[in-house]
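Beneath this line is the structure, given in structure tokens, with notes to follow.
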Amino acid sequence: MTRASGQSRGLSPTDRDWLSRRFDKNTFFDEPLDKFTSLGVGGPAMVLLQVSDLAGLRDIIQWTGERDFPYFLLGKGTNLIVRDGGIQGIVIRLMGEFRSIEAHKDGTGHTSIQAGAGAMLARLCSFAVKNGLDGLSFATGIPGTVGGAIVMNAGTREGCVADAIQEVRIMNTHGKDMSLTSREISWSYRTMTHNLPSEPGRAAIITGGRFLTRPGNPEILQNKANEHLQRRKATQPHGVRSAGSFFKNPPEGMSAGELIDKAGLKGKAIGGAMVSPVHGNWIVNTGKATASQILSLMDLIRQEVLNMHGISLEPEVKIVGT
Ligand SMILES: Cc1cc2nc3c(=O)[nH]c(=O)nc-3n(C[C@H](O)[C@H](O)[C@H](O)COP(=O)(O)OP(=O)(O)OC[C@H]3O[C@@H](n4cnc5c(N)ncnc54)[C@H](O)[C@@H]3O)c2cc1C
């Protein structure tokens, strides 16, 4: 990453000075975001901040609140399209203490795993396997962070985050650190909502989660994880830039992939954006796609599926920026 001296629109020299002093070498002005998304597209962030602890997170939330700057929480960018104009706000990545993973035994003998939102979900899964803790195998092979997985209620046919999570740690838009039990959250297919207030450009930030586990045998758990990975390899495109499944499956009937396949769209391309010939619900970047090419292909798919099947597909990926 380059620490540019960029003339960020919207930031005064005093603002830039404060950010650089507060976050030091973790402050990046006009930072291109394509390298932070699995699709490899997206313009620059006005500022990208790598925040390592709760005090830093609280400071930036309060600072942006006083100045009415929007902020955006970037996970691993595996379910994300940043538009080509980038993000005119503060983009936050959680590092340092937000990447910790620890097991805790409670008084009743149950073990839970506390994971920071910035930790990789893959690390959480292998931690569980190594420590003989069952309950998270559904998540094997899902890329991204623990925070992204919680926000997306990530999952597979085997289960989803909502099945395993007990408590979510969250910072509200005033910088207050709190926790919500899983019951205080409304979980549904690839989404979750809670009652904490949010405004455009300012939403509560997930800082971690506690997952309940059952005792398991590490060898059996490892075999199960290997099976999940093999199944993915056999059914999904690999070695390509994508965001996984692009559209949500409709509540009933054919899956999004089947609808797209039946509309004859596999292999359809706009510029460097292409419907994967392997899986109809994956849009891949074949090399030099732009976000706008991916979004044009998305519109075309939605229109064709609507014309042919009368079904309006809803994107699963999050689309942000200008
Ligand atoms: C090859 C591939 C396979 C995939 N397979 C699956 C699968 O099987 N099942 C599945 O469910 N998904 C799958 N996905 C999609 C993606 O991996 C998940 O949605 C993942 O949970 C996103 O995590 P992330 O850290 O990359 O989030 P990002 O893409 O960075 O962000 C997604 C959204 O979450 C928000 N967010 C992220 N972290 C936080 C936080 N700490 N606080 C508040 N908001 C936050 C972002 O602002 C954004 O709105 C796949 C993706 C790829 C590329």
Side-chain angles (χ1 to χ4, degrees), residues 33 36-42 45 48 51 54 57 61 70-82 87 89-95 98-99 115-125 137-163 165 168-173 180 185 187-194 196 198 201-209 228-229 231-233 235-249 256-257 276 278-279 281-285 315-321:
L33 291 175
F36 293 101
T37 67
S38 56
L39 269 165
V41 297
L48 174 71
V51 179
L54 280 173
L57 193 58
I61 288 182
Y71 60 80
F72 174 76
L73 213 295
L74 173 68
K76 187 70 178 159
T78 63
N79 203 46
L80 196 62
I81 296 178
V82 177
I87 297 182
I90 313 284
V91 174
I92 301 170
R93 287 182 83 208
L94 299 178
M95 315 286 284
F98 297 112
R99 299 200 159 180
M120 291 302 133
L121 193 61
R123 253 188 71 222
L124 172 62
C125 292
S137 61
F138 72 87
T140 310
I142 303 179
T145 61
V146 168
I150 294 173
V151 171
M152 296 305 305
N153 189 17
T156 56
R157 264 178 288 166
E158 328 281 324
C160 59
V161 165
D163 301 329
I165 198 154
V168 173
R169 288 215 71 89
I170 197 161
M171 187 173 276
N172 76 7
T173 53
L180 298 176
I185 291 174
W187 302 95
S188 46
Y189 173 53
R190 301 297 167 263
T191 185
M192 58 87 101
T193 48
H194 50 69
L196 299 185
S198 68
R202 298 185 68 73
I205 292 176
I206 311 291
T207 57
H228 283 296
L229 292 173
R231 198 172 322 137
R232 273 180 182 270
K233 253 192 164 166
T235 55
Q236 297 180 347
H238 45 96
V240 290
R241 307 210 72 164
S242 80
S245 295
F246 199 93
F247 296 99
K248 293 184 181 181
N249 286 321
S276 164
V278 180
H279 195 306
N281 198 17
W282 285 42
I283 293 182
V284 298
N285 177 355
E316 180 178 318
V317 293
K318 301 284 182 190
I319 302 162
V320 295

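When a ligand or atom number is given, it counts from 1 through the structure's own listing order.
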- Task: Report yes or no: does a heavy atom of Arg232 sit under 4.0 Å from some atom of ligand 1?
- Result: yes
- Message: Under 4.0 Å, heavy-atom basis, I'd like to know which part of Ala154 is in contact with ligand 1: side chain, backbone, both or neither.
- Response: both
- Task: Run the numbers for me: atoms of ligand 1, each under 4.0 Å from some heavy atom of Lys76, listed by number.
- Result: 24 (P), 25 (O), 26 (O), 30 (O)
- If you have a sec, work out which protein heavy atom is nearest atom 42 (N) of ligand 1 and how many Å separate them, to one decimal? Ile206 N, 3.0 Å
- Message: Heavy atoms only, cut-off 4.0 Å: how does Ala243 contact ligand 1, side chain, backbone, both, or neither?
- Response: backbone
- Query: Going by distance only, is there an N or O of Gly75 that falls short of 3.5 Å from an N or O of ligand 1?
  - Reply: yes
- Nitrogen or oxygen atoms of Ser242 and ligand 1 under 3.5 Å apart: no
- Who gets closest to atom 27 (O) of ligand 1 by heavy atom: Ala119, Pro143, Gly148, Gly208? Gly148
- Query: Is there side-chain contact between Ile61 and Arg202, with at least one heavy-atom pair below 4.5 Å?
  - Reply: yes
- Message: Looking only at protein heavy atoms, which one is nearest to atom 46 (C) of ligand 1, and what is the separation?
- Response: Leu73 O, 3.2 Å
- Only heavy atoms count here, so choose which of Ala149, Gly155, Ala203 is nearest to atom 21 (O) of ligand 1. Ala149
- Taking N or O atoms only and a 3.5 Å limit, does Ala204 qualify as a polar contact for ligand 1? no
- Between Thr156 and ligand 1, is there a nitrogen or oxygen pair with a distance under 3.5 Å? no
- Item | Exam field: side chain Thr156 to backbone Phe138, donor-acceptor pair closer than 3.5 Å | yes
- Of all the heavy atoms in Arg190, does at least one lie under 4.0 Å from an atom in ligand 1? yes
- Item | Residue, atom name and distance, where the atom is the protein heavy atom closest to atom 13 (C) of ligand 1 | Ile142 CG2, 3.8 Å
- atom 17 (O) of ligand 1: of Ile92, Val161, Thr78, the nearest heavy atom sits on Thr78
- Message: A side-chain contact here means heavy atoms from C-beta on lying under 4.5 Å apart; do Thr145 and Leu94 qualify?
- Response: no
- Message: Would Ala117 count as being in polar contact with ligand 1, using the rule that some N or O on each side must be under 3.5 angstrom apart?
- Response: no
- Message: So Thr191 and Met152, do their side chains get closer than 4.5 Å, heavy atoms only?
- Response: no
- Task: Determine whether any heavy atom of Trp282 lies closer than 4.0 Å to an atom of ligand 1.
- Result: yes
